[in-house]
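Notes for the one structure printed next.
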Number of protein chains: 2
Amino acid sequence: MKAQKMAGHLIRRLNQVSTHTFAKQLQEAGFDLTPVQFAAMDAIASNPGIDQAGVAAKIAYDRATIGGVIDRLEHKAYVARSISKRDRRAREVRLTPKGQAVFDAVLPHVTALQDDILQALDDSERASFLALARKALGEGAFE
Amino acid sequence: MKAQKMAGHLIRRLNQVSTHTFAKQLQEAGFDLTPVQFAAMDAIASNPGIDQAGVAAKIAYDRATIGGVIDRLEHKAYVARSISKRDRRAREVRLTPKGQAVFDAVLPHVTALQDDILQALDDSERASFLALARKALGEGAFE
DNA sequence: ACAATTTAGTATCTACACATACCATATGCG
DNA sequence: CGCATATGGTATGTGTAGATACTAAATTGT
């Protein structure tokens with residue numbers, strides 16, 4: 001049995017390729033954002049004032065991980081945290097104007113690079129792959 | 001644009017599911033092995049005496065990462081390192097008898113769990129997905 | 001033979017990823 | 001009201017994951 005043929009291994013390698021493509025393209029475009037940081041900014045951009053647990057739920061992160069991700073975004077001054085008035089435990093997160101500008105500038109690059117990840121597939125294969133991936137994850141589970 | 005619909009994000013979540021399935025199943029079966037550690041052992045089992053760079057190449061790891069992985073396997077006494085006689089820089093890696101026994105015992109579990117990762121897909125969908133994944137990675141690139 | 005280059009491995013640094021434990025605050029319920 | 005329980009966030013520890021830099025050893029070119 002070759003581990004290299006197994007589903008888990010193929011998925012891990014796809015993730016490597018995906019991460020690498022993302023890092024390379026964004027770096028060439030002059031940005032300093034990881035895939036995870038981008039996903040967090042996307043969730044925050046769509047839900048201003050969301051709390052950290054909300055961000056974690058949206059993009060299926062561990063809540064312990066999200067703290068560090070948001071720390072780094074805050075350090076770059078892309079997001080701001082404030083204590084919620086409803087619940088003093090919760091930290092509401094918003095993009096700063098700078099963060100919003102970066103997000104707007106980055107978005108087209110990120111959108112464009114998605115096809116590069118599956119560059120070896122043609123359009124119909126890519127569509128099939130993505131449809132199967134969504135189904136495997138339980139369509140709409142994290143809509 | 002929702003990051004949650006993008007290829008990169010779907011792949012990241014598949015990898016989460018995959019890793020989680022692996023960890024859960026092996027833990028329930030009483031083993032202490034990560035997906036990466038298993039893949040390394042698989043490569044070593046198939047190529048006794050392979051050096052670390054060889055393992056890294058087989059399973060597409062960074063050579064900086066493999067050192068730590070093999071450290072942990074060595075610490076569990078699953079593998080043994082020895083300095084190559086051909087090349088004194090190289091460390092030849094082999095499974096210990098204990099490592100071989102663990103590998104043999106784990107292999108059927110790992111094989112069985114592969115389908116659980118894509119449990120939401122039926123057999124033909126799963127086959128399509130895996131074929132597309134292989135093609136996306138460049139079929140045979142790491143055979 | 002020997003300098004220039006390449007390669008194997010390690011060390012360091014940043015960034016996930018998740019388990020567990022802990023603190024503070026909310027909330028449910030008797 | 002008062003307590004048990006649940007939840008938001010942080011802290012800690014282990015394990016990838018890859019960039020960069022460094023040492024030692026092998027290889028290449030002349």
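Sequence lines set the chain letters: A, B, ... in the order given, protein chains first and strands last, and positions in each chain run from 1.
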Report yes or no: does A:R91 contribute a side-chain atom to a donor-acceptor pair with the main-chain N or O of A:S84 at less than 3.5 Å?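 Side chain of A:R91 to backbone of A:S84, a donor-acceptor pair under 3.5 Å: no, none is there.
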Taking only side-chain N and O atoms of B:R91, does any of them lie within less than 4.0 angstrom of OP1 or OP2 on C:dG9?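 Answer is no, no contact under 4.0 Å.
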Phosphate oxygens OP1/OP2 of C:dA26: is one of them under 4.0 Å from a side-chain N or O of A:R89?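 For C:dA26, neither OP1 nor OP2 has a side-chain N or O of A:R89 closer than 4.0 Å.
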Rounded to whole angstrom units, what separation is found between the [atom1] atom of [X] and the [atom2] atom of [N]?
X	N	atom1	atom2	answer
A:H9	D:dT16	NE2	C1'	14 Å
A:R81	D:dG9	CZ	C1'	9 Å
B:L33	D:dT14	CG	C1'	15 Å
A:R88	D:dT10	CZ	P	15 Å
B:I83	D:dA25	CD1	P	9 Å
B:Q52	D:dT16	CD	P	14 Å
A:F22	D:dG18	CZ	C1'	16 Å
A:R86	C:dT27	CZ	P	9 Å

Scan side-chain atoms only and decide if A:Q100 and A:D104 contain a donor-acceptor pair under the 3.5 Å cut-off.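 Side-chain D/A pair, A:Q100 to A:D104: present.
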Aromatic contact, A:F38 with A:F103 (centres under 6.0 Å):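 Centroid separation for A:F38 and A:F103: below 6.0 Å.
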For residues 62-73 of chain A, tabulate all N or O donor-acceptor pairs below 3.5 Å that involve a side-chain atom, not counting sequence neighbours.
| from | atom 1 | to | atom 2 | distance (Å) |
| --- | --- | --- | --- | --- |
| A:D62 | OD2 | A:A64 | N | 2.7 |
| A:D71 | OD1 | A:R81 | NH2 | 2.4 |

Return the set of residues passing side-chain hydrogen bond (donor to acceptor under 3.5 Å, both in side chains) with B:S82 (not counting sequence neighbours), or none when no residue passes.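 Applying side-chain hydrogen bond (donor to acceptor under 3.5 Å, both in side chains) to B:S82 gives none.
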B:L14 side chain near A:L137 side chain, heavy-atom distance below 4.5 Å: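 Heavy-atom side-chain distance check passes, below 4.5 Å.
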Protein within reach of the bases, or only the backbone? For nucleotides 11-21 of chain C, mark each nucleotide 5' to 3' as B, S or -, using heavy atoms under 4.0 Å. B---SSBBB--
